[in-house]
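Encoded as structure tokens, here's the structure I'll be asking about.
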Amino acid sequence: MEDIEDFFISIIKQSHSADLAEAEFKRALIDDEELRRRYKEYCREVGSTERDGFMDFCEEYMAGQDEVWDALSDYDNQE
């Protein structure tokens with residue numbers, strides 16, 4: 001499961017937005033049968049639908065990235 005999450009992250013980092021990342025991921029699913037199989041398995045394991053699995057991950061990942069920047073900003077404000 002970790003390898004597909006790494007793939008998700010690479011798409012997110014390349015796309016710089018959730019909408020572009022989702023479009024890129026959907027294109028990749030069309031072209032890669034093995035990716036579709038792994039994605040279905042991933043969704044089943046995390047309890048998400050195939051429709052929402054990537055976006056759920058994307059939103060959670062991006063929120064985590066925002067928290068990192070917020071923590072750094074809070075540290076800067078303390079000085």
(request) Output the distance between atom CG (L35) and atom NZ (K40), rounded to the nearest 0.5 Å. (result)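 It is 11.5 Å, given to the nearest 0.5 Å.
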
(message) Closer than 4.0 angstrom, basic N to acidic O: yes or no for E41 and R38?
(response)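 No salt bridge links E41 with R38.
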
(message) Centre-to-centre under 6.0 Å for Y61 and F8, is that the case here?
(response)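 Distance test on ring centres: not under 6.0 Å, no.
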
(message) Among residues at least two apart in sequence or on other chains, which ones pass side chain to side chain donor-acceptor pair (under 3.5 Å) with R27?
(response)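 By the side chain to side chain donor-acceptor pair (under 3.5 Å) rule, R27 matches E24.
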
(request) First locate atom CD1 of I4, then atom CZ of F54, and finally report the distance between them rounded to the nearest 0.5 Å. (result)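 Going from the CD1 atom of I4 to the CZ atom of F54 covers 9.5 Å.
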
(request) Working to the nearest 0.5 Å, report the span between CE of M62 and CD1 of I9. (result)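 With rounding to 0.5 Å, CE (M62) is 11.0 Å from CD1 (I9).
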
(request) Using ring-ring contact (aromatic ring centres under 6.0 Å, His included) as the criterion, list what pairs up with Y39, not counting sequence neighbours. (result)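 Y39 satisfies ring-ring contact (aromatic ring centres under 6.0 Å, His included) with F25 once adjacent residues are dropped.
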
(message) Tell me every residue that passes side chain to side chain donor-acceptor pair (under 3.5 Å) with E33, counting only those two or more places apart in sequence or in another chain.
(response)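 Expected list: none.
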
(message) Please find the pair of heavy atoms, one from G53 and one from C43, that lie closest to each other, and give the distance.
(response)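 Distance-wise, the nearest heavy atoms are CA-SG, 4.0 Å.
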
Please tabulate, for side-chain N and O atoms in residues 10-17, each donor-acceptor pair with protein atoms closer than 3.5 Å (sequence neighbours left out).
unit_1 : atom_1 : unit_2 : atom_2 : d
S10    : OG     : F7     : O      : 2.7
S15    : OG     : I11    : O      : 2.8
H16    : ND1    : K13    : O      : 3.4
H16    : NE2    : K13    : O      : 3.3
S17    : OG     : L20    : N      : 3.2

(request) Quick one: which residue pairs count as a salt bridge (Lys or Arg N to Asp or Glu O under 4.0 Å) with a foot in residues 50-63, not counting sequence neighbours? (result)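 Applying salt bridge (Lys or Arg N to Asp or Glu O under 4.0 Å) to every pair that reaches into residues 50-63, excluding sequence neighbours, yields nothing.
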
(request) With sequence neighbours left out, write down each residue that passes salt bridge (charged side-chain N to carboxylate O under 4.0 Å, His left out) with R44, or none if nothing qualifies. (result)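 R44: no salt bridge (charged side-chain N to carboxylate O under 4.0 Å, His left out) contacts found.
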
